[in-house]
Amino acid sequence: MSEFPNQFEPTEVEPRLYQFWEKEQIFKADPASPKEPYVIVLPPPNVTGVLHMGHALTCTLEDILIRRKRMQGYNALWLPGTDHAGIATQMVVERHLQKTEKKSRHDLGREKFLEKVWEWKEQSQTTILGQLRLMGCSLDWTRLTFTLDEGVSLAVRETFTRLYNEKLLYKDTSLIQWCPRCHTALSDLEVKAKESKGKLWQIKYRLKNDPNKVLVVATTRPETLLGDTAVAVNPDDDRFKAFVGQEVMVPLTNRAVPVIADSYVDMAFGTGALKITPGHDMNDYQVAKRHNLPILSIFDESAKLNQEGGKYQGLTREKAREQMLLDLAEQGLLGEEKDHLNNVGHCDRCDAILEPRLSQQWFVDAATLAKPAIEAVRNGEIKILPKEWEKTYFLWMENIRPWCVSRQLWWGHRIPAWYCPDGHVTVAVETPKACGTCQSASLKQDEDVLDTWFSSGLWPFSTLGWPKETADMKAFYPNQVMETGFDILFFWVARMIMLGIKMVGKSPFHTVYLHPMVRDEHGQKMSKTKGNVKDPLEIVNKVGADPLRFTLAAMAVHGRDVLLSDTRIEGYRNFVNKIWNATRFVMMHFGDVKEAKSDMGNDVNQWIWTRLETCKKDINLALDQYRFFDAANRIYSFVWNDYCDWYIELIKTENEMSARKAAKDSTAIEVLEEALRLLHPFMPFVTEELWQRMPIKAQGRSISLAPYPTDDPEKLAGRDFDGLSVRRASQEMGRGEFQAGSDRITTGTTVVEAIRSRRGECGLNPNSEIRVQIVGPKKNLDALQGADWVKRLIRASSFTLGGDKPDPKKNVLIAIGEMEAFVPREDLMDVKVEIAKTEKELAGLIGELERAKQKLTSHEFVGRAPENVIKGVQDRKTLLEKQVETLQAHLKNLKEG
RNA sequence: GGGCGGAUAGCUCAGUUGGUUAGAGCACCUCGCUUACACCGAGGGGGUCCACGGUUCGAGCCCGUGCCCGCCCACCA
């Protein structure tokens, strides 16, 4: 540690520091701690997955929140876990099995297949957990939970049983969304509506009693006609009044179905007559229920025609359609056909076209659970940020439908329901010995598993040991923040709120922070087919976790997508380098200071302390409001602009430097040390590495346990900081009282900027030395007295204050507010360029002056604008007048000379 | 069909209750290897803040209309 490499080496440092943190158990939360708790549970990544950019964003933002709170003395718990992700994982393993062993899950059988999935899970989980460590996540690994762990399983069974007993969960036969490829029921949310180009066919239905008359219906799915149990028309439709009550023959069959009247039918659409297929259309199902129509299922679980299909049995939907259209045409029953755009439901997972299917499933009465969940957000118990999402939340929750929770899969929580031979249902937390109704000992458990989101919905408390009354549950429920992507607001967040309130009796968290989507630098969604996917691990490998984290935070703007670009990441990699080198420089000169002893009489010191104070205020304010991007930009500009560009440059003069060394002044180190602490939640690795090298630092083991800098130390009073001395906290308080920079600093920096700028405009070699004389009001000249850094920063070989104004014809004049700087013409300028510059500047100033004058003569403005605004314009006008006057004289001289 | 969000410099975006001269990063141009850092430093150019109308002493910001993008929800077959 003694030598200081001239570059930060993330590949060497990051794993070493993470091991150190884990060994020291820095991230472990103690439920017995007297500290105020601050809890976030990590949205559990899918066990089959690898870490993608969305995870990277989630864990960066959550780690920033958690690390800051930990540094503020909270009992911070960030709880890790992984999700079994039922349908997704089962699909991946099935596919793998098919590929490697050419077997289906049915070939293996349930038990063997599940063994395979568990193997897969073990292997995959290690990968993703390692990746979370690579990102620097300060997760409490001692509490790692998997959604199929026994504890979670108990919570699931408990919830299922309680909801069942309260009739909020029930078994029902109903038309549900069925995926013919995954062979399972889905919830409404798992249906992706996609617009697709289809056709609208007209099909003639002959009247039973008068085969010469036909009723023409329009349909996009002719193959479903085998399932028709009625034809419907609008009751107000005069065209069809005579048909209502009669029967028509379903083409290609011998069945007669009634013509019914229902106002659902849109007279203007198609032919005005609608075939009703209640077994395979959600709307038709509703109509059928109203009219007590029979329901026919004509497709099997793979959406092939079943025994109801007659000659078409065994055909797929597409094949059947093709064949039936041919047959209809042959019988002269096919009318016109036209193109038609319609929405078709696809499986969220496998993209297959879904088929509504009549079946028995378990449902949760979501509408009842939603009521208190809506209320919790409405009364502010739960805040959703950005606030715009609340409206979306309400809209969905108020129109929520029964949630189908059973899945015909093997991988997941088995439904805790048992059936006896007589068909009685027994629902229980523990496997029952006998039927609850008839005492039969011959019980068979329900074959189905639960929707993954059912167990996810219990996550904020199932991870803490619920339903047992654990210490963790007492200490850490409710959580503080739920940070996740808006894409799972309904899938997950809403369900956690409903189930948390129902099961525990308290909202599961206080704040929901919905982060945006990560896209590429052109706002395109990252996708494999587009080839624009950025792999976070590749980036971490290349530049380290810190720059990636900082980029994600600095781009995370409320309600906007995060656009990730390589140049941005590179820029923040450079930032890491900048901090590294600034620390190296400061350590080189002040590495031997032993105690915090900042010379507060020195105005350069005061200035940087003041800037730091403002920075602390801004950052804390920003982070309190989840404005990660503001906080990131603020610390960036403090370190780079204030500290490196100004402060370090200011103290680099020999006088300043030797005085500081002699006095063992610790300001440079101390300010930087605080800046590192401010930065730590964003860039944990480089900050810890540098902090460990600092001679002056809080006495803790890790920067993660040092106090987070604040402009309001009262807030941290009384907190324990792993051995931090209270003295430092009180010192921080004192610094809040500094006034903004002294006259010497403000005057000096203004002079430096003006002269540098003029040099730049002239294209002069910045290294050439110039002679400078400054005249102006005494207070300004006094302020510049002794500011030898001004001389250094403008590269002045001589620097004269006051005295007679030099010959205007031989000197270039630079107006600096009320001051004038003179530089011998030969040092700076050729006359023609100077004249042009001056004229341009003058024109700008005159224009502005005119506008100011106009404002001040306007009665409305003077009469109605607040005083401070008027005063501002007046001051500006006075200054402008003085500058215009000076420059006009200067211009005159130039032209004459 | 409903709802939400966006449009500001070449690119990606800030701009917190309307207030003096609209900012940043990157890109670009000029100059500089001044011993922390060329992953750097100093300077510069570049904007009718989508259009039109309104409110106001004053609008990038508030209101209305229009146009163009993106997303979510939705049972017109």
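A, B, ... follow the sequence lines: proteins, then strands. Residue 1 opens every chain.
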| query | In whole Å, what separates the P atom of B:rC37 from that of B:rC29? | reply | 26 Å

Do A:R758 and A:E841 meet the salt-bridge criterion of a basic N to acidic O distance under 4.0 Å? yes

In whole angstroms, the gap separating P of B:rC4 from CD1 of A:I384 amounts to 16 Å

| field | Rounded distance in Å between the P positions of B:rG70 and B:rU30 | value | 39 Å

Whole-Å distance, A:K194 NZ to B:rC73 P, equals 13 Å

Quantified in whole Å, what is the P atom distance between nucleotide B:rG54 and nucleotide B:rG10?
29 Å

Between A:A582 and A:G571, whichever has its closest RNA chain B nucleotide further toward 5' is A:G571

In whole angstroms, the gap separating P of B:rC4 from NZ of A:K387 amounts to 14 Å

As its Watson-Crick or G-U partner within any shown strand, both distances under 3.5 Å, B:rU48 has none

Query - Ionic contact status for A:R634 with A:D630, cut-off 4.0 Å - result: no

A:D348 CG to B:rC72 P, in whole Å, measures 11 Å

Between N or O atoms, less than 3.5 Å apart, protein on one side and nucleotides 43-49 of chain B on the other: list the pairs.
unit_1 : atom_1 : unit_2 : atom_2 : d
B:rG44 : OP1    : A:S757 : OG     : 3.4

Ring centres under 6.0 Å, that's the criterion: do A:Y572 and A:Y636 meet it? yes

Counting the atoms with a prime plus P, OP1 and OP2 as sugar-phosphate, which does A:K391 contact under 4.0 Å by heavy atoms, base, sugar-phosphate, or nothing? sugar-phosphate

Anything under 3.5 Å between a protein N or O and an N or O of nucleotides 74-77 of chain B, put it in a table, one pair a line.
unit_1 : atom_1 : unit_2 : atom_2 : d
B:rA74 : N6     : A:N343 : ND2    : 3.0
B:rC75 : O4'    : A:N283 : OD1    : 3.1
B:rC75 : O4'    : A:N283 : ND2    : 3.4
B:rC75 : O2'    : A:N283 : ND2    : 2.9
B:rC75 : N1     : A:N283 : OD1    : 2.9
B:rC75 : O2     : A:N283 : OD1    : 3.3
B:rC76 : O2     : A:D266 : OD2    : 2.4
B:rC76 : N3     : A:D266 : OD2    : 2.3
B:rA77 : N6     : A:D266 : O      : 2.9
B:rA77 : N6     : A:F269 : O      : 2.8
B:rA77 : N1     : A:D266 : N      : 3.2

Ranking B:rU12, B:rU16, B:rA36 by distance to the side chain of A:I648, first place goes to B:rA36

field: Distance between C1' atoms of B:rC31 and B:rU48 (Å, rounded)
entry: 34 Å

The Watson-Crick or G-U wobble partner of B:rC40, with both key distances under 3.5 Å, is B:rG32

- Without hydrogens or angle criteria, can the side chains of A:T750 and A:E753 be said to hold a donor-acceptor pair below 3.5 Å? no

Does the separation of the ring centres of A:H340 and A:F269 fall below 6.0 angstrom? yes

If pairing means Watson-Crick or G-U wobble with both distances under 3.5 Å, then the partner of B:rC73 is B:rG1

Checking B:rG41, B:rG19, B:rA36 against the side chain of A:P866 (C-beta onward), the nearest is B:rG19

For this session: Pick the C1' atom in B:rG23 and in B:rG47, then give their distance to the nearest Å.
Result: 11 Å

Scanning all shown strands, the Watson-Crick or wobble mate of B:rC62 with both distances under 3.5 Å is B:rG54

Using a cutoff of under 3.5 Å, can you pull out all pairs of nitrogen or oxygen atoms linking the protein to nucleotides 37-39 of chain B, with atom names and distances?
unit_1 : atom_1 : unit_2 : atom_2 : d
B:rC37 : O4'    : A:N581 : OD1    : 3.2
B:rC37 : O2'    : A:N577 : OD1    : 2.8
B:rC37 : O2     : A:K578 : NZ     : 3.1
B:rC37 : N3     : A:K578 : NZ     : 2.8
B:rC39 : O4'    : A:N574 : OD1    : 3.0
B:rC39 : O2'    : A:N577 : OD1    : 2.9
B:rC39 : O2     : A:R573 : NE     : 3.0
B:rC39 : O2     : A:N574 : OD1    : 3.4
B:rC39 : N3     : A:Q7   : NE2    : 3.3
B:rC39 : N4     : A:Q7   : NE2    : 2.2

Atom CD of A:E390 and atom C1' of B:rG3 are separated, to the nearest Å, by 15 Å

Any luck finding a side-chain donor-acceptor pair between A:T857 and A:K855 under 3.5 Å? no

**Report entry** Side-chain heavy-atom pair A:D188, A:R401 within 4.5 angstrom cut-off
**Finding:** yes

Testing B:rA36, B:rU16, B:rA14 for proximity to the side chain of A:F629, the answer is B:rA14

Exercise. Answer yes if the side chains of A:D642 and A:Y647 hold a donor-acceptor pair under 3.5 Å, and no otherwise.
Key: no

| Worked check of side-chain hydrogen bond (donor to acceptor under 3.5 Å, both in side chains) between A:K791 and A:S797 | CA-CA 8 Å; A:K791 188 178 166 189; A:S797 57; over 6 Å; no

_Derivation and outcome, side-chain hydrogen bond (donor to acceptor under 3.5 Å, both in side chains), residues A:T878 and A:E881_ = CA-CA 5 Å; A:T878 313; A:E881 276 169 344; 5.2 Å; no

Worksheet item: Roughly how far apart, to the nearest Å, are B:rA14 and B:rG6 at atom C1'?
Response: 14 Å

Please state the C1' separation for the pair B:rA77 and B:rG5 - nearest whole angstrom.
32 Å

Between CZ of A:F486 and P of B:rC73 the distance, given in whole Å, is 11 Å

Practice problem: Could you give the distance separating B:rA24 and B:rG43 at their P atoms, to the nearest angstrom? | Solution: 12 Å

* Asked: Hey, what's the ring geometry for A:F575 with A:W640, parallel, tilted or perpendicular (30° and 60° as the breaks)?
  -> parallel

Margin query: Under a 3.5 Å threshold, yes or no: a donor from one side chain and an acceptor from the other, between A:D624 and A:N620?
Written below: no

From the list A:T219, A:D228, A:T229, side chain to side chain donor-acceptor pair (under 3.5 Å) with A:T277 holds only for A:D228

Whole-Å distance, A:F585 CZ to B:rG41 P, equals 14 Å

Separation of B:rC72 atom P from A:L189 atom CG, nearest Å, is 13 Å

B:rA9 -> Watson-Crick or G-U wobble partner, both distances under 3.5 Å, gives none

Test side-chain hydrogen bond (donor to acceptor under 3.5 Å, both in side chains) applied to A:W178 and A:E355, step by step
CA-CA 5 Å; A:W178 179 268; A:E355 188 60 56; over 6 Å; no

Checking N1-N3 plus N6-O4 or O6-N4 for Watson-Crick, or N1-O2 and O6-N3 for wobble, each under 3.5 Å, the partner of B:rU17 is none

